[in-house]
Amino acid sequence: MTNKILTLKEYFQKYDESVNDPKKFWGSIAESHLWHKKWDSVVDWYFGGKDAPNVKWFVNAKLNITENIFERNLPQRENQIAIIWEPNDPKQKEIKITYGELFQKVKQFANALKKIGAKKGDRIAIYLPMVIELPIAVLACARIGAIHSVVFAGFSANSLSDRINDAQSNIVITSDGVNRGAKRICLKSIVDDALKTCPTIKNSIVLKHTEEKINFESPRDIWWHDLIKDVSLENKAEVMDSEDTLFILYTSGSTGKPKGVLHTVAGYMVYAEYTFKNVFQYNEGDIFWCTADIGWVTGHTYIVYGPLLTGATSVMYEGIPTFPDAGRFWETIDKYKVTQFYTAPTAIRALIAQGSEWVTKHKLDSLKVLGTVGEPINEEAWKWYHDLVGKGNCPIVDTWWQTETGGILISPLAGITPTKPSFATLPLPGIQPVIVDPDGKILEGNNVKGNLCIKYPWPGILRTTYGDHQRCFNTYFATYKGLYFTGDGAKRDEEGYYRILGRVDDVINVSGHRIGTAEVEDAINQHPKVHESAVVGYPHEIKGQGIYAFVTCEKLTDEEKKNIENEIKNTILKEIGAFAKPDLIQLVSGLPKTRSGKIMRRILRKIGEGDATNLGDISTLLDPNVVEEIINGAKVQIKK
Ligand code: WT7
């Protein structure tokens, strides 16, 4: 396979080349892609100016990413399985779709989209369960040059409508319902709710999946199966500029509403394929399985684009890890002889809690590589994964990256980079991380700890936040001049290995879901009886971090007090989605605030950690007494 590193020595060589001459390095990798016209220059960029970031890769080149999946890989992969779809219900039959078949379906749906007027540059919202039509819809958008904006199907109607309105989407693609373990959720009714406040939507395309009865509003609503009837299978891909937008994906930050992280065609394509091949060391005949949802970036890059660009065969799973029982992952690995398995630490911890017998009764002898993503993995979970699932034979790739980075930035190359539990290890070729102190001074050498930044662009870096470039600058480039700031803390140990220490901003990571504390607070404050709230993350055995909300309310009767917690949780359900429900809610008479009115989250974070010994100086608080009250009523065990 082209562009695949095979030894540690080669990794170090490539790494040096990529730093010494990034243009030559990435230019040579991009040679293996299919272009209508090649680039005039490999990269033009600056991180420093006021309108930063300004990043262009493969300048003025022309291409279509789906031609790199299909036309480039066909005809030799015509009959090779592209995706094996494993249904939620194990009694239902799987679907195996070849590259040839997938191509037909993508062209057909691309033509169907055109039939209702979709065109290059439109923002198309996709709100679907993990069904085979989800990657088909994504790729059909890319085929015609429309910008896909996939919204995870666990988001509420309000969150969906916020995303549709921010992107001014004209079409939404959804289904009647979704199967999640033993539960069935009527997705279409959530969309109906959302669309009450989405004036830009002209059509919603509805896939029949769970077959439940839904409300159907013609001519706005169109069945997927009706739309593709009599549609031609011939389709010429739209020729795109390298820097045309491929997709937007919304993600949470420390302030305000989620922002639309924007990725462009060529750079993202080159980066997705390169990182997929190298990190997972994919070989012909391997079966790759990433358990993420396509609603998050992990699914975009390592279910859809990375594997399909590479011409890989991968598994896509509709359901959840514990349905019908805690052996589902391991059973499925045996069923399809999965070779590379990529999941989140939170899933591993949840399965550890169910007992080892679920794992040991399966063979798991096809596995060669294990991966983790989304949050730091603790040593205990790492060891269990390594010893029990991998039988001590499979390297673990702890992959660190973000929605904004498009693909993996720091990770071992499977079987090549020596691993160390809880370390993401070394940067991939082309990635130049630096660790800075609070003043932005770059800390040279090893054995340093601080904030993680990247000083040179890579092809997969975000280009802007949709509709608000200033916000992109403020979030990522204003903190340290000339550097991309990740929001994560990190240390570099004596060997030069990176260990990610978690977010240093007001973002929390709950079961690998990135949630802004401000977003949760805004949602809680929607409850009519709530005055104010402050939300922090606290250590949670399974989820990594749990959500701890401190809330002040108007005077409540005893009856109201009993119900308020549930009511607050329901408010979150309505405003964001079930995954953002607080684990702990503490009613308090006041929040710890400075005299200027700023909430001292630092103090609440300490309390959430169960540590009241070291709260720092609280004398500057408006009302220092509330701290004592909060400690006494804390919902976690406090050591004083
Ligand atoms: C944040 C990004 C990357 C795709 C899924 C999440 C945390 C991610 C790791 C890791 C420690 C990690 C970081 C990062 N994170 N991977 N291997 N070790 N932390 O994407 O939702 O954009 O979240 O996830 O804090 O900033 P995301």
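What you see below is based on every heavy atom in this structure, not just the backbone, and it leaves out hydrogens, waters and symmetry mates. Order of appearance sets the numbers: ligands from 1, and atoms from 1 within every ligand.
When heavy-atom distances to ligand 1 are checked against 4.0 Å, the residues falling inside are Val297, Thr298, Val373, Gly374, Glu375, Pro376, Asp398, Thr399, Trp400, Trp401, Gln402, Thr403, Asp488, Ile500, Arg503, Asn509, Arg514, ordered by chain and number.
With sequence neighbours excluded, the residues that form a side-chain hydrogen bond (donor to acceptor under 3.5 Å, both in side chains) with Lys420 are Asp493, Glu495. Applying the salt bridge (Lys or Arg N to Asp or Glu O under 4.0 Å) rule to Lys391 yields no partners; only residues at least two apart in sequence or on another chain are considered.
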Which donor-acceptor pairs under 3.5 Å do side chains of residues 410-418 form with protein atoms, sequence neighbours excluded?
unit_1 : atom_1 : unit_2 : atom_2 : d
Thr417 : OG1    : Leu413 : N      : 2.9

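Considering Phe47, Trp458, Tyr456 in turn, Trp458 is the only one that fulfils the ring-ring contact (aromatic ring centres under 6.0 Å, His included) rule with Tyr484.
Across all their heavy atoms, Val359 and Trp330 have their closest contact at CG2-NE1, 3.5 Å.
Of the N and O atoms on the side chains of Ser422 and Glu379, not one donor lies less than 3.5 Å from an acceptor on the other residue.
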